[in-house]
Novice: 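This structure is in structure tokens; I'll ask about it shortly.
To find a chain, count down the sequence lines: A is the first, B the second, and so on, and within it residues start at 1.
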There are 2 protein chains.
Amino acid sequence: MPTSPIAVPTDFETLRTTIVEQRATLPKRLMQVAAYALDHPDEIAFGTTASIAAAASVQPSTLVRFAQHFGLDGFSGLQQIFQARLRGRTASYEDRLRQLESAGAAETESGTILKGFIGAAHQSLDALSAAIEPEKLEQAVDILARAETIYLIARRRSFPVVTSMAYALGKLKIRCQVVSSAAGNDDDLLEQAGPRDAAFAVSFAPYAPESAAQARALADRGIPVVALTDSALSPLAGIAQVWFELMEADHAGFRSLSASLAFAMALTVSVAERRRQL
Amino acid sequence: MPTSPIAVPTDFETLRTTIVEQRATLPKRLMQVAAYALDHPDEIAFGTTASIAAAASVQPSTLVRFAQHFGLDGFSGLQQIFQARLRGRTASYEDRLRQLESAGAAETESGTILKGFIGAAHQSLDALSAAIEPEKLEQAVDILARAETIYLIARRRSFPVVTSMAYALGKLKIRCQVVSSAAGNDDDLLEQAGPRDAAFAVSFAPYAPESAAQARALADRGIPVVALTDSALSPLAGIAQVWFELMEADHAGFRSLSASLAFAMALTVSVAERRRQL
DNA sequence: GACCTAGTGGAATACCTGTTCCAGAAATGG
DNA sequence: CCATTTCTGGAACAGGTATTCCACTAGGTC
């Protein structure tokens with residue numbers, strides 16, 4: 001049942017573009033398969049109809065139909081295309097990167113900058129895995145897992161850390177409140193916080209005074225505060241019940257938040273996991 | 001029947017060296033398999049016992065014996081090692097983390113989760129540096145550097161990416177506008193955009209329809225759009241003048257934004273740098 | 001030279017594979 | 001609104017899978 005009037009794809013790139021072209025007209029389930037296939041090409045190459053179908057939340061027969069939709073005989077034909085893509089690709093990732101570096105002598109400026117930030121992020125992550133003490137992390141998870149509502153405090157550069165946490169917490173059905181509203185009712189919000197709640201505050205130099213003030217206000221009222229900051233000299237260090245020091249490596253004076261976000265996500269998921277056990 | 005007293009190999013390199021070490025003492029037929037396997041690793045990864053046995057002039061059962069000789073359960077275990085070698089999922093980081101685990105004895109659950117996210121972030125960064133084409137990056141920088149105002153479009157999970165960009169752009173005195181206000185005046189904001197402006201849109205699956213709609217509205221009026229998304233099937237791919245595909249590795253079904261933020265910062269700083277030269 | 005052990009070939013098997021088929025659901029068009 | 005086409009889920013099936021098992025061979029040892 002080759003729907004397409006054009007030739008059937010025989011290599012991965014052709015298949016890929018064909019899929020993208022038909023994006024609009026593809027039936028729902030076939031679309032699901034298309035998305036999964038392009039996102040997890042290795043799984044298609046190595047998996048079985050059963051395993052792939054399960055991973056893509058689809059029936060095995062749908063995989064066959066998907067392949068036939070593009071003029072192939074069946075799933076096996078599709079799989080061969082995905083396998084061919086991997087064949088002969090003997091080089092490991094690291095090897096490939098090395099090749100890119102040596103080959104791509106003519107570096108663009110933006111490419112250099114990107115590599116710089118990628119390098120800085122790698123460094124930050126390594127520092128993170130070395131710096132975090134498991135016991136403190138457990139304590140922090142404990143505090144936040146017991147909280148009815150988690151108040152998230154951050155300004156400026158740290159702000160994205162708490163917004164991404166807020167999104168994830170929301171998905172996990174854990175109540176949280178970002179305290180950084182443009183409406184200016186932050187203090188009203190914080191007054192609603194009670195001793196059964198908890199707060200997570202993030203602040204990097206130059207420390208926003210509001211964040212520290214809000215964290216202190218909560219701490220004074222007996223609400224436990226967990227903090228993420230970049231130095232023992234941070235105002236948060238003296239306020240928080242548990243605090244973590246995380247120094248993002250910088251590139252050209254700018255710091256990205258790669259490690260902070262990895263930490264935030266780990267904290268979030270750990271809290272959710274702990275909650276299930278309570 | 002694990003002949004070797006040492007641990008069973010779990011990655012290709014270990015297996016390879018183990019085979020080479022035992023070269024002298026290996027029985028004839030197993031030697032035949034060893035030679036074939038090292039010469040045609042792709043065949044082992046993709047073939048079946050029957051096809052490989054025929055190609056190596058050996059019985060299928062010999063393949064099983066070969067695998068068991070190295071302490072593996074059977075041929076399937078052997079095949080998995082050869083498959084992992086070709087998988088984009090670089091075993092290297094996972095292996096390194098596993099080593100850390102075995103060294104660091106008593107693991108806490110949150111510690112394991114953190115390491116998972118750190119590993120995923122490393123992987124994402126590697127994928128980023130392999131995937132980004134310098135020419136496209138230059139084009140994007142060009143577009144954004146010429147813009148009077150940069151409109152930043154993102155929702156939900158992607159939102160932190162643009163807030164961190166907004167912060168950095170502000171520091172760099174580059175005018176920008178986050179189009180995601182709670183006030184609901186997004187469309188009014190977008191109407192102010194003119195052909196001398198530009199937009200940067202971020203959207204990951206499941207794609208927020210508003211983001212695509214806003215990006216399209218701008219594109220239709222001749223305003224160039226640069227996009228960051230996670231799949232060629234993303235609605236943004238068809239809209240943007242230049243778009244980048246960046247797939248964050250996931251841990252336990254959750255994705256952090258480590259690589260996206262590194263990319264965003266690189267783009268921001270590159271744009272600032274380019275502006276100084278204009 | 002008989003014995004034993006390690007190695008080998010090949011058939012038997014239980015399981016799982018990709019594929020087909022069809023009833024019914026959903027979408028489409030008049 | 002119904003008729004018609006397209007799409008989907010699930011069971012059924014034939015073929016191939018990795019594995020096991022056992023008879024047999026080869027090579028070395030007392």
Side-chain angles (χ1 to χ4, degrees), chain A residues 1-5 8-9 15 19 22-37 40-84, chain B residues 1-5 8 15 19 22-37 40-84 233:
Chain A
M1 207 179 297
T3 313
S4 67
V8 313
L15 176 61
I19 291 174
Q22 302 203 13
R23 177 181 17 158
T25 66
L26 229 44
K28 194 172 95 178
R29 287 289 124 93
L30 297 195
M31 188 65 212
Q32 231 172 295
V33 174
Y36 182 84
H40 309 85
D42 294 356
E43 293 303 319
I44 310 284
F46 292 120
T48 67
T49 45
S51 68
I52 297 167
S57 309
V58 148
Q59 290 287 333
S61 50
T62 306
L63 292 178
V64 178
R65 275 196 292 267
F66 178 79
Q68 289 171 342
H69 181 90
F70 292 98
L72 299 157
D73 281 347
F75 171 78
S76 305
L78 182 82
Q79 193 171 43
Q80 277 175 26
I81 294 179
F82 279 75
Q83 288 181 351
Chain B
M1 208 178 294
T3 312
S4 67
V8 311
L15 176 62
I19 291 176
Q22 302 203 12
R23 186 179 11 160
T25 65
L26 227 45
K28 195 172 92 176
R29 287 288 123 96
L30 297 196
M31 189 63 216
Q32 232 173 292
V33 175
Y36 182 84
H40 308 87
D42 291 359
E43 293 303 319
I44 309 284
F46 292 120
T48 67
T49 45
S51 68
I52 297 167
S57 310
V58 150
Q59 290 288 330
S61 50
T62 307
L63 293 179
V64 178
R65 275 197 292 268
F66 179 79
Q68 289 171 342
H69 181 89
F70 293 99
L72 298 159
D73 279 346
F75 172 76
S76 305
L78 183 81
Q79 193 172 43
Q80 276 175 25
I81 293 179
F82 279 74
Q83 289 182 352
L233 297 175

Novice: Within less than 4.0 Å of OP1 or OP2 of D:dG10, is there a side-chain N or O belonging to A:Gln59?
Specialist: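 Yes, within the criterion.
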Novice: Does D:dT19 have OP1 or OP2 under 4.0 Å away from a side-chain N or O of B:Ser76?
Specialist: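 The answer is yes; a side-chain N or O of B:Ser76 sits under 4.0 Å from OP1 or OP2.
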Novice: Please pick, from C:dT17, D:dC21, C:dT20, the nucleotide with the shortest atom-to-atom distance to any side-chain atom of A:Ser61.
Specialist: C:dT20
Novice: Are any non-hydrogen side-chain atoms of B:Phe66 and B:Leu72 less than 4.5 angstrom apart?
Specialist: no
Novice: Return the orientation label for the B:Tyr36 and B:His40 ring planes: parallel under 30°, perpendicular over 60°, tilted otherwise.
Specialist: parallel
Novice: From CD of A:Gln32 over to P of D:dC7, roughly how many Å is that when rounded to an integer?
Specialist: 15 Å
Novice: Which whole-number value in Å describes the distance from A:Met31 CE to D:dC7 P?
Specialist: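 Spelled out: CE on A:Met31 to P on D:dC7 is 14 Å.
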Novice: A:Val33 and side chain to side chain contact (heavy atoms under 4.5 Å, CB included): which partner among A:Leu78, A:Ile19, A:Leu63, A:Leu26?
Specialist: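 Of all the options given, the one that passes is A:Leu63.
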Novice: In this structure, how many angstroms lie between the C1' atom of D:dT17 and the CD1 atom of B:Ile44, rounded?
Specialist: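 About 16 Å, once rounded to whole Å.
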Novice: Answer yes or no: does a side-chain N or O of A:Thr48 lie under 4.0 Å from OP1 or OP2 of C:dT17?
Specialist: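 So the side chain of A:Thr48 is within the cut-off, an N or O lying under 4.0 Å from OP1 or OP2 of C:dT17.
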Novice: Among D:dT19, C:dT8, D:dT17, which is the nearest nucleotide to the side chain of B:Leu30?
Specialist: C:dT8
Novice: Go through the steps to decide whether B:Phe46 and A:Phe46 satisfy the test ring pair (Phe, Tyr, Trp, His ring centres under 6.0 Å), and finish with yes or no.
Specialist: CA-CA 7 Å; B:Phe46 292 120; A:Phe46 292 120; 5.2 Å; yes
Novice: If you only use heavy atoms from C-beta on, which nucleotide in C:dT8, D:dT8, C:dT19 is closest to the side chain of A:Pro27?
Specialist: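 Taking heavy atoms from C-beta onward, the closest nucleotide is D:dT8.
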Novice: Send over the distance from A:Phe66 CZ to C:dT19 P, rounded to a whole Å.
Specialist: 14 Å
Novice: Can you tell which of D:dT8, D:dT19, C:dT20 lies closest to the side chain of A:Gln68?
Specialist: C:dT20
Novice: Using atom CG of A:Leu78 as one end and atom C1' of C:dT19 as the other, report the distance to the nearest whole Å.
Specialist: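 Distance check: A:Leu78 CG to C:dT19 C1' gives 14 Å.
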Novice: Name the closest nucleotide to the B:Phe75 side chain, picking from C:dT8, C:dG10, D:dT19.
Specialist: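 Of the options given, the side chain of B:Phe75 lies nearest D:dT19.
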Novice: Rounded off to whole Å, could you give me the CG-to-P distance for the A:Leu26 and C:dA27 pair?
Specialist: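 Taking atom P of C:dA27 as the reference, CG of A:Leu26 is at 15 Å.
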Novice: For A:His69 and D:dT8, what is the distance between atoms NE2 and P respectively, to the nearest whole Å?
Specialist: 10 Å
Novice: Any heavy-atom pair between the side chains of B:Asp42 and B:Phe82 that's under 4.5 Å?
Specialist: no
Novice: Rounded to the Å, how far apart are B:Lys28 NZ and C:dG7 C1'?
Specialist: 10 Å
